[in-house]
There are 2 protein chains.
Amino acid sequence: MSTTTAGATRREQILKEAARLFAERGFHGVGVDEIGAAVGISGPGLYRHFAGKDAMLAELLVGISEQLLTGGKRRVAEGEGTPTELLDSLIEGHIDFALDDRPLITLHDRELDRLRDSDRKLVRQLQRQYVELWVEVVRKVYPSLSEADARASVHSVFGLLNSTPHLSRPGALPGRTAMAGLLHRMARGAFAAAAG
Amino acid sequence: MSTTTAGATRREQILKEAARLFAERGFHGVGVDEIGAAVGISGPGLYRHFAGKDAMLAELLVGISEQLLTGGKRRVAEGEGTPTELLDSLIEGHIDFALDDRPLITLHDRELDRLRDSDRKLVRQLQRQYVELWVEVVRKVYPSLSEADARASVHSVFGLLNSTPHLSRPGALPGRTAMAGLLHRMARGAFAAAAG
DNA sequence: GAAATGGGTTAACGCTCATTAACCGAGCGG
DNA sequence: CCGCTCGGTTAATGAGCGTTAACCCATTTC
């Protein structure tokens, strides 16, 4: 075993590289040999760590959905402040995720349909819970919003926040903190405008 | 040749179904037999109309990129009103596209990397021109925005506007006109907030 | 120190799937 | 009526790729 060193156990290393490759070229677009090569082993060696290619994608998507949901729940539970502050906290958490785990965010809404039925159902359920979490908070901040409008606006803001990973060129963009601030302002502005 | 008739020539029919299938299950996830079956012919019959599967995707992506760009250019050229009205016009056009051609919008930013180099370069160039079109207008409306911020905000608003197709469930959402209005308000609010 | 186990290797299998070959009937121009 | 082209068909081909088989070495465990 060893590898109690830092953290990067072989499994995690594989997942990280698989996420990057899947995000870059799509699940079907990357072969197991490539994933293996990315971590220094080759081809079927991966099967000592995962049941198959599908299992890697499933673990990635379930993992990210759980992280988002539990992070959101934690923020709601800890939330001492006003609904507005709570919404800001949710936005901030999501932005951190989108900026720091770009490949995962990309996979999140791109490759869901490649999962086995049971896994897909699980991921969708987690995603739905996460959306509902936001919807409740948004409706507290903007009571004038109907539930349908609130839900639609939450989805749209996700689209806004998740748009960053698509920008391949790292040059022409603001730095990480500037970008985070910009996205945050835009998200709040979008919600406010949705409420009219 | 004929087919000066109405519109739905076999080629267009194939493109439409291919777009739907590609959007649903990804380029690599759908086989030529399925595409053929969707238009009532089967398998290799498609090769009477297209050089190959790649050619269909290329034509779809180039087509949509051109449509967006020329539509935007037309609006800018015709634009008699204030910059604000022009921006509204751009937003409206993009929303119409996102709501009426969902599969194409989805493909637009999902399957770009499956193209041959030359096609991909072309599509990217068209997309870039479209973004720059927006950036110029946005900066006229909000002169306080730096170019980098303006560009980032345009990308983010595209993410917002393009988020609708991802919502598979057609039930829980507002109707088409209500959705268009909501998206429009949110886009404007996001830009305004970006400018601070 | 023998045996088990964890983590690799390369070779082989088998399936899927895009593409091509070979063939064919229907219109239609001359 | 002949022959060409248009738009199909099914069968064959061939590559790519996920997965499994068979084998191997290092390290730990009893």
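All values below come from the heavy atoms of this structure, side chains included, with hydrogens, waters and symmetry mates left out. This is a predicted model, so every value here is computed, not measured.
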Can you tell me how far [atom2] of [N] sits from [atom1] of [X], to the nearest Å?
X      : N       : atom1 : atom2 : answer
F50(B) : dT20(C) : CZ    : P     : 16 Å
I41(A) : dT19(D) : CD1   : C1'   : 15 Å
R48(B) : dA26(C) : CZ    : P     : 17 Å
L46(A) : dT19(D) : CG    : P     : 10 Å
D33(A) : dA15(D) : CG    : C1'   : 14 Å
R11(B) : dG7(D)  : CZ    : C1'   : 14 Å
H28(A) : dT16(C) : NE2   : P     : 13 Å
Y47(B) : dT9(D)  : OH    : C1'   : 15 Å

* Mind checking whether F97(A) and H108(A) have ring centres under 6.0 Å apart? ->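 No, ring centres 6.0 Å or more apart.
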* Asked: Would F158(A) and H94(A) count as a close aromatic pair, with their ring centres under 6.0 Å?
  ->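 Yes - the distance between ring centres of F158(A) and H94(A) falls below the 6.0 Å cut-off.
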* Report yes if a side-chain nitrogen or oxygen of H49(A) is closer than 4.0 Å to either non-bridging phosphate oxygen (OP1 or OP2) of dG8(C); otherwise report no. =>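 True: H49(A) side-chain N/O within range (under 4.0 Å) of dG8(C) OP1/OP2.
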* Asked: Can you check whether R10(B) has a side-chain N or O nearer than 4.0 Å to OP1 or OP2 of dG8(D)?
  ->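 Yes, R10(B) has a side-chain N/O under 4.0 Å of OP1/OP2 on dG8(D).
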* Any donor-acceptor N or O pair under 3.5 Å, side chains S118(B), R116(B) ->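 R116(B) and S118(B) do have a side-chain donor-acceptor pair below 3.5 Å.
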* Find which nucleotide of DNA chain C each of P44(B) and P44(A) is nearest to by heavy atoms, and output the residue with the more 5' nucleotide. =>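 Of the two residues, P44(A) wins.
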* Hey, does L115(A) have a side-chain heavy atom less than 4.5 Å from the side chain of L61(A)? ->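 L61(A) vs L115(A): side chains touch.
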* In terms of side-chain heavy atoms of K53(A), which of dT19(D), dT9(C), dT19(C) is nearest? ->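 Closest of the options to the side chain of K53(A): dT19(D).
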* Does CZ in R188(B) sit with more than 12 non-hydrogen atoms of other residues, nucleotides or ligands closer than 6.0 Å? ->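 Counting other residues, nucleotides and ligands, CZ of R188(B) stays at 12 neighbours or fewer.
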Report which part of the nucleic acid [X] touches: base, sugar-phosphate, or nothing (heavy-atom distance under 4.0 Å, all strands).
X      : result
V30(A) : sugar-phosphate
G31(A) : sugar-phosphate
G52(B) : sugar-phosphate

